[in-house]
Asks: 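The structure follows.
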Amino acid sequence: MWYNTKATEMLGIQYPILQGPFGGNLSSVELVATVSNAGGLGGYGAYTLSPQEIVEVDKQIKAATNKPYNINLWVSDSDAPGGTVSDEQYEQAKQLFKPYFDETGIALPEKPAPFKSRFENQLQAIIDIKPKVFSFMFGTLSADVLEQCRRLGIKTVGAATTVDEAVLLENSGVDMIIASGFEAGGHRPSFLASAESSITGTFVLLQLIKEKVKIPVIAAGGIANGKGVAAALALGASAAQIGTAFLATDESNALPIHKQILFSDAAKHTTLSRAFTGRLGRGVTSRIAKDMMYKETAFLPFPLQSTFMAPLRKAALEQEKWDMILFWGGQIAPILKYTKAKELMRSLIEETTTYFNDLKA
Ligand SMILES: Cc1cc2nc3c(=O)[nH]c(=O)nc-3n(C[C@H](O)[C@H](O)[C@H](O)COP(=O)(O)O)c2cc1C
């Protein structure tokens, strides 16, 4: 059967369909459990959570499903040396953002205290809770940690945007690789070359990576229906990871307006930009996304750009100024149909099955 792949065998799931984890408080226990209970692999993006919060979320997931699930972290969570920027750099960003703060009538924020990486402590929480699957982006793990995960029965999955990243991930000893194409919603997980120079579509990237690595590869980016899953499998993927289509379902933690926008005509246009966090990511094109084009030199490095974007987003939401917000989403959004995660899973499975049965007929 089409659904018996190396990935399903290793992950202990029935169907090679992964719900992409969403960082930034957009994941939900309900979505993870719905997808895992339907035979796929639910994923929870935990990079903004404290270690205690990760433990708590894990308890809730375990209470909602006895099936395998994935917890996701960011291996690198800052691009600012020492977690800060110079006063001049901060002033420049302040000037860039001033018109938007004036428009929403809120005060410009003061320069924050240096950002401290949370990754090491978060990693310890993962080791303690031992999820069946631990996926991560923006790099790889040390040989020691990967060995520890192997001993504990945790399958490790790293994300690649280039062949070089995939080869590095394989050589480091991860169990599987996500081939993350530029169509995908959310951040580009590049970690060797710049994200801007690592822009390859999912189905090209998948084939290039398949030529060079032996471990299973999961296709991510631009897949939202059974035909997409079948296409990924036909090109050698061992599973498909689907983000935007699950983000739009009732079960995700995205705001109702975010879901509404993903199902609207506005989602026909998406933009890859560093404006929102300081790292390159794809979201639905808005006025602020357009305004910020070619102004990168004034942006702050990740995660400090959020010093401005987070309060602005909050005020814009309160004032219903949707064009001042970036709603994350991928290029495939215009074909989305389902608002229930269970229905989406059922349709993905049925459509892929039909596709492969028709080939045999
Ligand atoms: C809002 C949003 C947040 C995301 N956050 C993460 C994350 O924290 N970690 C991660 O590995 N992938 C993250 N992703 C990527 C997804 O897990 C998935 O690989 C991607 O969305 C697949 O492409 P698609 O959106 O075209 O389906 C995110 C995607 C979106 C849309």
Side-chain angles (χ1 to χ4, degrees), residues 17-28 31-32 35 40-49 54 57 69-77 118-119 122 133-140 156-161 165 169 174 176-191 195 201-203 205-206 217-225 228-229 231-232 237 239-249 252-255 258-259 261-262 267 270 272 276-277 279-284 302-303 313 325-336 338 344 348:
I17 298 171
L18 283 68
Q19 171 248 313
F22 309 124
N25 203 28
L26 294 169
S27 287
S28 83
L31 180 57
V32 174
V35 173
L41 188 80
Y44 198 104
Y47 90 92
T48 54
L49 300 190
I54 294 175
V57 158
Y69 58 88
N70 166 33
I71 306 268
N72 176 273
L73 290 180
W74 292 19
V75 168
S76 139
D77 57 4
R118 289 167 290 201
F119 177 65
Q122 292 172 326
V133 187
F134 169 32
S135 76
F136 45 85
M137 60 177 192
F138 293 118
T140 193
T156 51
V157 185
T161 60
E165 288 171 356
L169 284 163
V174 304
M176 276 177 222
I177 291 168
I178 307 266
S180 172
F182 72 70
E183 301 92 328
H187 286 96
R188 304 295 307 129
S190 306
F191 62 93
T202 303
F203 286 158
L205 183 65
L206 168 63
V217 180
I218 298 159
I223 302 172
N225 58 24
V229 174
Q241 175 158 288
I242 296 173
T244 301
F246 280 112
L247 184 69
T249 62
S252 94
N253 205 29
L255 293 171
H258 189 163
K259 294 171 189 174
I261 282 175
L262 287 175
T270 62
L272 266 180
F276 303 93
T277 63
R279 279 185 182 168
L280 199 67
R282 185 178 296 284
V284 177
F302 183 87
R313 179 189 165 86
I325 300 172
L326 177 115
F327 291 108
W328 298 112
Q331 291 183 324
I332 200 71
I335 72 158
L336 301 187
Y338 295 95
L344 173 59
L348 288 165

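Atoms within each ligand, like the ligands themselves, are counted from 1 in listed order.
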Asks: Would the Trp328 and His258 ring centres measure less than 6.0 Å apart?
Replies: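 No, too far apart.
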Asks: To check you understand the geometry: which heavy-atom pair defines the closest contact between Leu169 and Gly158, and what is its length?
Replies: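 Minimum heavy-atom contact is CD1-C, 3.7 Å.
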Asks: Tell me, do Phe119 and Leu73 make a side-chain contact under 4.5 Å, heavy atoms counted?
Replies: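 Counting from C-beta outward, Phe119 and Leu73 do come under 4.5 Å.
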Asks: With heavy atoms of Ala220 as the reference, note each atom of ligand 1 found under 4.0 Å away.
Replies: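 Those atoms are 19 (O).
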Asks: Can you name the residues that form a side chain to side chain donor-acceptor pair (under 3.5 Å) with Thr140, not counting sequence neighbours?
Replies: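 By the side chain to side chain donor-acceptor pair (under 3.5 Å) rule, Thr140 matches Ser172.
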Asks: With a 4.5 Å heavy-atom cut-off, do Thr156 and Phe136 have their side chains touching?
Replies: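 In short, these two side chains touch, coming nearer than 4.5 Å.
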Asks: To check your reading of the model: name the closest protein heavy atom to atom 5 (N) of ligand 1, its residue, and the distance in Å.
Replies: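 Sorting protein heavy atoms by distance from atom 5 (N) of ligand 1 puts Gly23 N, 3.0 Å first.
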Asks: Is there a polar contact, in the sense of an N or O pair closer than 3.5 Å, between Gln241 and ligand 1?
Replies: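 Min N/O separation from ligand 1 is below 3.5 Å for Gln241.
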Asks: Side-chain contact test, heavy atoms from C-beta onward, threshold under 4.5 Å: evaluate it for Ile332 versus Glu183 and give yes or no.
Replies: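 They are not in contact (no side-chain heavy atoms under 4.5 Å apart), so the answer is no.
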Asks: Of the side chain and backbone of Leu26, name the one, both, or neither that has a heavy atom under 4.0 Å from an atom of ligand 1.
Replies: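 For Leu26, the contact with ligand 1 is made by the side chain alone.
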Asks: Quick one: does Gly221 get within less than 4.0 Å of ligand 1, heavy atoms only?
Replies: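 Per 4.0 Å heavy-atom rule, Gly221 contacts ligand 1.
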Asks: For Tyr44, which residues count as a side chain to side chain donor-acceptor pair (under 3.5 Å) partner, sequence neighbours excluded?
Replies: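 Result, side chain to side chain donor-acceptor pair (under 3.5 Å) vs Tyr44: none returned.
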Asks: Below 4.0 angstrom from a heavy atom of Gly186, which ligand 1 atoms are there? Numbered from 1 as shown, please.
Replies: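 In order of number, 29 (C), 30 (C), 31 (C).
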Asks: If you measure every N/O of Gly45 against every N/O of ligand 1, is any gap under 3.5 Å?
Replies: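 No.
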Asks: Need the ligand 1 atom indices (1-based, order shown) with element for anything under 4.0 Å from a heavy-atom of Trp74.
Replies: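 Near Trp74, the atoms of ligand 1 are 7 (C), 8 (O), 9 (N).
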Asks: Once you restrict to heavy atoms under 4.0 Å, what part of Phe136 touches ligand 1? Side chain, backbone, both or neither.
Replies: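 Answer for Phe136: neither.
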Asks: Any N or O of Ile332 that comes nearer than 3.5 Å to an N or O of ligand 1?
Replies: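 It does not: no N or O of Ile332 is found under 3.5 Å from an N or O of ligand 1.
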Asks: At a 4.0 Å threshold, what atoms of ligand 1 neighbour a non-hydrogen atom of Asn72?
Replies: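 Selected atoms, number and element: 7 (C), 8 (O), 9 (N), 10 (C), 11 (O).
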Asks: Roughly how far, to the nearest 0.5 Å, is the OG1 atom of Thr161 from the NE2 atom of His187?
Replies: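 The OG1 atom of Thr161 is 13.5 Å from NE2 of His187, to the nearest 0.5 Å.
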Asks: Taking side chain to side chain contact (heavy atoms under 4.5 Å, CB included) as the criterion, tell me which of Val133, Asn70, Ile71 meets it with Pro21.
Replies: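 Looking at Val133, Asn70, Ile71, the match for Pro21 under the side chain to side chain contact (heavy atoms under 4.5 Å, CB included) is Asn70.
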Asks: Just to be sure I read this right, does ligand 1 sit under 4.0 Å from the backbone of Trp328, its side chain, both, or neither, counting only heavy atoms?
Replies: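 For Trp328, the contact with ligand 1 is made by the side chain alone.
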Asks: Students should be able to answer this: which protein heavy-atom is nearest to atom 2 (C) of ligand 1, and at what distance?
Replies: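 Here the closest protein heavy atom is Phe22 CD2, 3.6 Å.
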Asks: I need the atoms of ligand 1 closer than 4.0 Å to a non-hydrogen atom of Gly222, numbered in the order shown.
Replies: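 Going through ligand 1 atom by atom, the ones under 4.0 Å from Gly222 are 24 (P), 26 (O).
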Asks: How many angstroms lie between atom CZ of Phe246 and atom CG of Leu26, to the nearest 0.5 angstrom?
Replies: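 Answer rounded to 0.5 Å: 15.5 Å.
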Asks: Check the side chains of Thr244 and Arg282 for a donor-acceptor pair under 3.5 angstrom, ignoring hydrogens and angles.
Replies: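 Looking only at side-chain atoms, Thr244 and Arg282 do not form any donor-acceptor pair under 3.5 Å.
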Asks: With respect to atom 29 (C) of ligand 1, which of Gly185, Gly243, Ala219, Ala245 exhibits the smallest heavy-atom separation?
Replies: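 It is Gly185 whose heavy atom sits nearest to atom 29 (C) of ligand 1.
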Asks: Answer yes or no: does an N/O atom from Thr244 fall short of 3.5 Å to an N/O atom of ligand 1?
Replies: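 Between Thr244 and ligand 1 (N or O atoms, distance only) the closest approach is under 3.5 Å.
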Asks: If you measure from atom 15 (C) of ligand 1 to every heavy atom of Ala184, Ala333, Pro21, which option wins on shortest distance?
Replies: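 It is Pro21 whose heavy atom sits nearest to atom 15 (C) of ligand 1.
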